[in-house]
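So the structure is just underneath, and the comments pick up after that.
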Amino acid sequence: MRFVLASASPARRGVLRAAGIDPVVRVSGVDEDAITASLRDPAPADVVTELAKAKADAVVPAVSADHPDAVVVGCDSMLLMGNGEVVGKPGTREAAAQRWKLNSGSTGELLTGHAVVLLRGGTVVDRAAAHLGTTVRFGEPDEAELQAYLDTEEPLHVAGGFTLDGYGGWFIEGVDGDPSSVLGISLPLTRKLLARVGVRVVDLWGGEPAE
């Protein structure tokens with residue numbers, strides 16, 4: 001039984017490897033904007049959950065041929081800011097700066113959707129999906145610190161424009177909830193979803209090195 005991560009995120013892979021699983025990585029390449037646009041008046045939690053499901057489903061055909069017995073895990077994260085806006089990766093320096101100025105000294109809820117697809121003999125036999133919210137307490141970087149952080153370009157490419165395991169960790173006062181979820185994949189929630197499809201996470205520890 002192989003653990004397949006449908007994400008290119010080095011943070012997610014790092015969390016898994018530190019917790020005993022070296023996943024096979026398959027990047028979904030789904031059009032997140034198109035999927036979000038197809039949803040009718042979704043709640044923020046619905047958006048991240050549907051995106052996680054789409055990412056897992058997108059890699060199933062290739063995975064079923066290479067690893068017929070596998071669990072495929074998809075994840076997606078967005079930040080629900082204090083002003084009610086839901087945002088993903090900023091993409092530009094200007095957007096990242098604006099979000100940090102809005103969030104500075106306040107809190108936001110990092111929503112992470114998770115989806116698990118179980119393959120047996122190359123066939124999908126079960127699925128499970130859910131989301132988790134974790135409150136993030138933002139610090140107050142001064143203007144020079146914020147500009148230096150933006151210079152790293154790290155916040156441009158991560159959900160909400162911040163990280164815990166990189167430069168952004170200097171400016172996060174704390175989290176209320178599961179810190180692994182803020183890194184992109186909640187270990188406790190993933191364990192529960194695996195259990196729903198009949199897989200014990202301890203049986204996935206170790207094993208063959210990832211491809």
>> To the nearest 0.5 Å, what is the distance between CG on D165 and CD1 on I172?
In response: 11.0 Å
>> Listing request: all ring pair (Phe, Tyr, Trp, His ring centres under 6.0 Å) pairs with a residue in residues 4-29, at least two apart in sequence or in separate chains.
In response: none
> About how many Å separate CD1 of I21 and CG of L204, when rounded to the nearest 0.5 Å?
Replying inline: 5.0 Å
>> So L110 and F162, do their side chains get closer than 4.5 Å, heavy atoms only?
In response: yes
> When rounded to the nearest 0.5 angstrom, what is the spacing between CG in L183 and OG1 in T163?
Replying inline: 8.5 Å
>> Under the criterion side chain to side chain contact (heavy atoms under 4.5 Å, CB included), I'd like the reasoning laid out for L16 against T190: C-alpha separation, chi angles, the key distance, then a yes or no.
In response: CA-CA 10 Å; L16 290 169; T190 301; 5.7 Å; no
> Are V73 and M78 in one and the same hydrophobic cluster, where Ile, Leu, Val, Met, Phe, Trp and Tyr link if side-chain heavy atoms are under 4.5 Å apart?
Replying inline: no
>> Working to the nearest 0.5 angstrom, can you tell me the gap between L79 CG and R99 CZ?
In response: 8.5 Å
> Between V124 and D57, is any pair of side-chain heavy atoms under 4.5 Å apart?
Replying inline: no
>> Keeping S180 on the side-chain end and L187 on the backbone end, is there a donor-acceptor pair under 3.5 Å?
In response: yes
>> Between R26 and D66, does any side-chain N to carboxylate O distance fall below 4.0 Å?
In response: yes
> Backbone N or O of D46 within a donor-acceptor pair of the T49 side chain at under 3.5 Å?
Replying inline: no
>> Is any side-chain heavy atom of D142 closer than 4.5 Å to one of E145?
In response: yes
> What's the shortest heavy-atom distance between V71 and V199, and which atoms?
Replying inline: CG1-CG2, 3.9 Å
> Please, which pairs that meet ring pair (Phe, Tyr, Trp, His ring centres under 6.0 Å) have at least one residue in residues 70-122, sequence neighbours excluded?
Replying inline: W100-F138, W100-Y149
> Can you name the nearest heavy-atom pair linking V25 to A8, along with the distance?
Replying inline: CG1-CA, 4.5 Å
>> Against V59, only a single residue in V72, V27, V30 fulfils side-chain contact (heavy atoms from CB on, under 4.5 Å); can you say which?
In response: V72
> Are any non-hydrogen side-chain atoms of V63 and L119 less than 4.5 angstrom apart?
Replying inline: yes
> Hey, is the main chain of K101 close enough, under 3.5 Å, to the side chain of S104 for a donor-acceptor pair?
Replying inline: no
> When clusters are formed by joining ILVMFWY residues with side-chain heavy atoms under 4.5 Å apart, either directly or through shared neighbours, do V158 and W170 land in the same one?
Replying inline: no
>> In this structure, would V24 and V60 fall into the same cluster of hydrophobic residues linked by side-chain contacts under 4.5 Å?
In response: yes
> Given T135 and T107, is the side-chain hydrogen bond (donor to acceptor under 3.5 Å, both in side chains) satisfied, shown in steps?
Replying inline: CA-CA 7 Å; T135 299; T107 63; over 6 Å; no
>> Applying side chain to side chain contact (heavy atoms under 4.5 Å, CB included), can you list everything that pairs with Q147, at least two apart in sequence or on another chain?
In response: R93, E143, L150
> Does the pair M81 and V87 meet the rule for a side chain to side chain contact (heavy atoms under 4.5 Å, CB included), with working shown?
Replying inline: CA-CA 8 Å; M81 301 200 302; V87 296; 4.1 Å; yes
> Which atoms form the tightest heavy-atom contact between L156 and K89, and what is the distance?
Replying inline: O-CB, 3.9 Å
> Would you call R17 and P23 a side-chain contact if the rule is heavy atoms closer than 4.5 Å?
Replying inline: yes
> Minimum heavy-atom separation for T112 to S77, with atom names?
Replying inline: OG1-OG, 3.1 Å
> For the atom pair NZ (K55) and CD (E32), what is the distance rounded to the nearest 0.5 Å?
Replying inline: 4.0 Å
> Can you name the closest pair of heavy atoms from V48 and H131 and give their distance?
Replying inline: CG2-CB, 4.3 Å
> If two hydrophobic side chains count as joined below 4.5 Å and joins carry through other members, does V47 share a cluster with L189?
Replying inline: no
> R12 and C75: which non-hydrogen atoms are nearest, and at how many Å?
Replying inline: NE-CB, 3.4 Å
> Under the side chain to side chain contact (heavy atoms under 4.5 Å, CB included) criterion, do L146 and F171 qualify, and how do the steps go?
Replying inline: CA-CA 9 Å; L146 177 57; F171 310 117; over 6 Å; no
> Between L51 and L132, is there a shared hydrophobic cluster once you connect ILVMFWY residues whose side-chain heavy atoms come closer than 4.5 Å?
Replying inline: no
> Measuring from E50:CD to D76:CG, what's the distance to the nearest 0.5 Å?
Replying inline: 11.0 Å
>> One pair to check against side chain to side chain contact (heavy atoms under 4.5 Å, CB included): D203 and M1. What are the steps and the verdict?
In response: CA-CA 9 Å; D203 294 333; M1 178 67 66; over 6 Å; no
